[in-house]
Each structure stands twice: as C-alpha cells, then as structure tokens.
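Notes follow once the structure below has been shown.
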Protein chains: 2
Amino acid sequence: MVVAGRQPLSRRRVLEEAVRFTDREGLEALTMRRLGSELGVKAMSLYNHVPNKSALLDGMVEVLLGELEVPPETHDWEERIKEGYRAFRRLAHEHPNVFPLLVNRPPDTMDGAWLVEELLQTLRRAGFERETALHAFRALSSYAFGYAMAEIRGFTLEPNGSRLGARSLSPAEFPNLCELAPYLEEVDHDREFEFGLELIIAGMRDRS
Amino acid sequence: MVVAGRQPLSRRRVLEEAVRFTDREGLEALTMRRLGSELGVKAMSLYNHVPNKSALLDGMVEVLLGELEVPPETHDWEERIKEGYRAFRRLAHEHPNVFPLLVNRPPDTMDGAWLVEELLQTLRRAGFERETALHAFRALSSYAFGYAMAEIRGFTLEPNGSRLGARSLSPAEFPNLCELAPYLEEVDHDREFEFGLELIIAGMRDRS
DNA sequence: GGCGAGATCCTTACGTTGTAAATATATGGT
DNA sequence: ACCATATATTTACAACGTAAGGATCTCGCC
C-alpha cells in the first residue's frame, strides 16, 4: 500500500532540483551526494537520469534558458531589442548562482536560439545589413552578458576588495577613482544597464 | 657544495609558474601536486608561499593584471579609451586559461586600479560629468569583458554546440540565424571588437 | 494471479583532490 | 658551533566523481 509514493525521479526533476538547490546554496555546494539526498536518493541513482556531472550542469543551463522570455513583436525595433536583453539579464537576477555556468557552457538548446533569431530578425527589419546586424548583435550580447556577470560577481576591473577598497586608495594617486568611490556601491543597476543599452543603440542609430 | 642550487621558491615564482602551467595545460589541470612537481617540489611545500589554493588563484589574477599595459596619454580621448580596452582584451589572448579567473575574483591589485583611474580621467577630461563617466566606463568594461570571454569560451547566446550547430537548425524556423551561419565562425574578431567599441563611443559622442 | 524484463536504486570501492599535523632538513645570524 | 627560523617532506583524512555489481521495484503479458 502506498502512502504518498515518491513520485519517480526523472531527468527534469533532477535538473530542476539542481537549479533550485544551487540558487539556494551556491554552485560549489552542489555535489552529487548532496543533490541526491535532496531528492531522497543516493548519489549513484542520479546517474540513471544524467550521464555525469558535466551533463548535469549542461542540463541546468538548459533549464535556465528555458525560462527566457522572448519578447513579442513591436513596431519599435529599439524597444524590442532592449526588451530582449532585459529578459536575458533577468535570468541572472533570478538565478545568480546558475547564470555563470553560461561562461563554460554555451548552450545547446533551442531556447537560446529563439531569442537570437528574434533579435537578428528585428535588426534586419530595422534596415541593418547582414554583417552589421551580426556585429551589433554581438556587441549588445557581450555588453549584456558582461554587465550581468558584473552584477553577480563584481566588476572585473574595479578594485572592490577589502584590502583595496576604493577608500584605501590614496586620493593623490587615484583622484578620479576616489571621487567616485561613494557612488560605486550604490549605483542603481537597472538605470545603469539601461544607460549602456541606450548608448550602444544610439551608436547604431547613426548607422541605419 | 652546490651544483646548480635550485633557486629558492618564492611567492612570485610559484604564481608565475602557475600562470605558465595553466596557459599550457588548462585550469582544471592545475592541482597543487602537479604545480609542485612542476617546480621540483611536493605539493605541501607550496603552502609556505601561498596560504591555500584560492589564494593561489587570486595571485594568478594579480600576475595577469600586472601585465596590463596602461596606454600613454594622447590628445584624442577616444583613441586612448580604445587603447585601454585593447590592452585589456590582449590579456585574454595571452592567457586564455587564466583570464576567466576574473569572473570569480575581482582583483585586489593596484594594477587594475591604474587602468581604471586613467580611463576615468580620460573621460572626465573629455567633458563627461562624474556619473556619466562612471556609467560609460562600466558600459565599456562590460562590453570588453563580455567580448573577450566570448572569444575564449564561446558566445553565450549563440547555439554553437555539436547537436545544435547552426547548420542543423531548420532554415524555415530560423532564417536569420541560418543565413548568418557561415559567417559565425569566420568573423575577424579584431574587427568585430573594434566595431563594438566604436559603436559605444559613437553613442557617447552624442552626449558630450 | 503470476512471471519475466527493464528501469531504477543501493552498496561498495577506487583514484584524486585540498590541506591539517607532525617531522625533517637547510639557512643565516650570533 | 649553535640555535631560531624558514622551508621541504611524510603521512593522513575527508570529500569528491563515478565504475561495477547486486538488489528492488514496476509494468505488460500470459
């Protein structure tokens, strides 16, 4: 007799739990044993649904990109482009510990391809020619990815460590940095992201 | 009597060998034992010069940024900005296996701060006000970092896997992507990077 | 109802990893 | 010559990914 028979494990359930768990505990806490126990199962059981850990991580990226919302068509190409990258950045906010997996594993899923297709189409319809559209697309993508990663892990170039926090730099040597120090932490990232997006699109406007 | 007494190990020597080794063999091949043996020493000896592996990686980032060439002043702010980010991107090319460490460990070194200071100064002198300069700086940095990472590890959004290489997408569903498929691989990245840089700077030009 | 096959899960075990602890060796100042 | 300090080694441990083999569950078919 079954009380509340544990619903059978499946690839999807494993992947989704992996994402949930990683959101909660961080990537380096994600081990096969830990994930197994989270699902009420021993580590080796996971190998029935996933060939190895690397494939597990791939699958998590798949789940991540599955949540990507491709924006509906609009008459305004600029707004559509922006919406697309906003949705991309939103992924980083919703899954800050999973998003960085994109660094090591460019996706193999259709979900990412859909967004790309829509963005490229939007650019082509806006009048950009083939290669210009590709270059612009990649500029925007690099920016959006770089910015989202910076929000999660810190800006790569800025000294934000404890040892060298901007307030310990001598204002004589680093006047501009020190002048900005108070702002560095409390910037409204939504606005800042929009600023950069607008910057690039303004540059494109000149060309179309 | 000393034949060719092994020069004494030191933090610098450890870090530099770690970078050299990682350049050659990749990040996941870098283990304490392996690095030790590369230096003619057992793993535990390294702990005399580095408190743990995480600190070793931090040190490698330090070495990486130490190679950053801050461009000399010019009268042309646009050119100076470009030179700065070119130098940053060059790091990725010279140490493709070390550069990605920047993702997890924003630097604690002065070397990075120098570039930031120079870039901010250049922007201020070009007439941008404080916060605009910061936003623009971050837009450029995000772009440059995102692009460099994409060169190393693949563009995050583009389907470039084996399963889903662009040529296996149906042209009916993905006309724009398929149309571009032949170009995706053989783009001149130098040119493309410059294109994006110019795009952002053009956007800034409108504002100053 | 019962049986057999395939899917699912568990146990055990192995090699590797980072690193703590204790020990040994070399070096340099007095 | 001697000792303090810095450096190197040995040994050991817990945690990791996962191979191999055995146990158990599930479900279609007689």
Side-chain angles (χ1 to χ4, degrees), chain A residues 1-63 97-98 100-101 103-105, chain B residues 1-63 97-98 100-101 103-105:
Chain A
M1 202 231 277
V2 175
V3 181
R6 64 174 81 272
Q7 41 194 325
L9 225 38
S10 74
R11 182 178 137 89
R12 267 249 96 67
R13 244 166 66 72
V14 169
L15 297 183
E16 278 165 10
E17 184 58 36
V19 167
R20 225 186 336 264
F21 177 80
T22 302
D23 281 341
R24 215 168 55 236
E25 312 257 343
L27 238 192
E28 73 260 26
L30 179 73
T31 71
M32 299 304 270
R33 293 172 224 261
R34 197 100 168 58
L35 175 59
S37 90
E38 213 71 18
L39 287 158
V41 119
K42 301 291 176 180
M44 289 308 291
S45 302
L46 300 174
Y47 288 87
N48 286 309
H49 307 97
V50 152
N52 52 49
K53 187 171 184 184
S54 172
L56 174 74
L57 299 177
D58 285 343
M60 291 169 66
V61 168
E62 200 179 311
V63 170
N97 294 329
V98 178
L101 284 175
V103 169
N104 291 312
R105 27 198 109 242
Chain B
M1 200 233 278
V2 175
V3 183
R6 62 175 82 270
Q7 41 193 327
L9 224 40
S10 74
R11 181 179 138 88
R12 267 249 96 67
R13 247 168 61 72
V14 168
L15 296 183
E16 279 165 9
E17 184 59 36
V19 167
R20 224 183 340 264
F21 177 80
T22 302
D23 280 343
R24 214 168 56 238
E25 312 257 342
L27 240 191
E28 72 260 24
L30 179 72
T31 71
M32 299 304 269
R33 293 171 224 263
R34 197 100 169 57
L35 175 58
S37 90
E38 213 72 16
L39 287 158
V41 116
K42 301 291 175 178
M44 289 309 291
S45 303
L46 300 174
Y47 287 86
N48 286 309
H49 307 96
V50 152
N52 51 49
K53 187 171 184 185
S54 172
L56 174 74
L57 299 177
D58 285 343
M60 293 170 65
V61 167
E62 200 179 310
V63 171
N97 294 330
V98 179
L101 284 177
V103 170
N104 291 313
R105 24 199 112 242

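The sequence lines fix the lettering, A, B, ..., with proteins before strands; numbering per chain opens at 1. What you see is a predicted model; the values in this text were computed from it and never measured.
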statement: Applying side-chain contact (heavy atoms from CB on, under 4.5 Å) to B:Asn97 and not counting sequence neighbours gives B:Thr22
task: Could you pull out all residues at least two apart from A:Asp23 that satisfy side chain to side chain donor-acceptor pair (under 3.5 Å)?
output: A:His95
Show me the protein contacts with nucleotides 18-21 of chain D, counting only N or O atoms at under 3.5 Å.
| unit_1 | atom_1 | unit_2 | atom_2 | d |
| --- | --- | --- | --- | --- |
| D:dT18 | OP2 | A:Tyr47 | OH | 2.8 |
| D:dT18 | OP2 | A:Lys53 | N | 2.9 |
| D:dT18 | O5' | A:Tyr47 | OH | 3.4 |

message: Could you report the tightest heavy-atom contact between B:Ala18 and B:Leu56, atom names first, then the distance?
response: CB-CD1, 4.1 Å
For A:Glu38, all residues meeting side chain to side chain donor-acceptor pair (under 3.5 Å), sequence neighbours excluded: A:Arg24, A:Arg34
- prompt: Atom CZ of B:Arg11 to atom P of D:dA8: distance rounded to whole Å?
  reply: 16 Å
task: Find the distance A:Leu35:CG to D:dG17:C1' and express it as a whole number of Å.
output: 13 Å
field: Inter- and intrachain pairs under salt bridge (charged side-chain N to carboxylate O under 4.0 Å, His left out), touching residues 47-60 of chain B, at least two apart
entry: B:Asp58-B:Arg105
- line: From the candidates C:dT11, C:dC9, D:dT9, the one with an atom nearest any side-chain atom of B:Lys42 is D:dT9
query: Would you say A:Ser45 reaches C:dC10's phosphate, i.e. side-chain N/O to OP1/OP2 under 4.0 Å?
result: yes
message: Can you identify which nucleotide, out of D:dG17, C:dT17, D:dA8, has its nearest atom closest to the A:Thr31 side chain?
response: D:dG17
message: Could you tell me how far apart A:Leu39 (CG) and C:dC10 (P) are, to the nearest whole angstrom?
response: 11 Å
- prompt: Under the 3.5 Å rule, do the base of D:dA8 and the side chain of B:Asn48 count as making a donor-acceptor pair?
  reply: yes
- prompt: Rounded to whole angstroms, how far apart are CG on B:Leu46 and P on D:dT7?
  reply: 13 Å
statement: Residues passing the side chain to side chain donor-acceptor pair (under 3.5 Å) test with B:Asn52, sequence neighbours excluded, are none
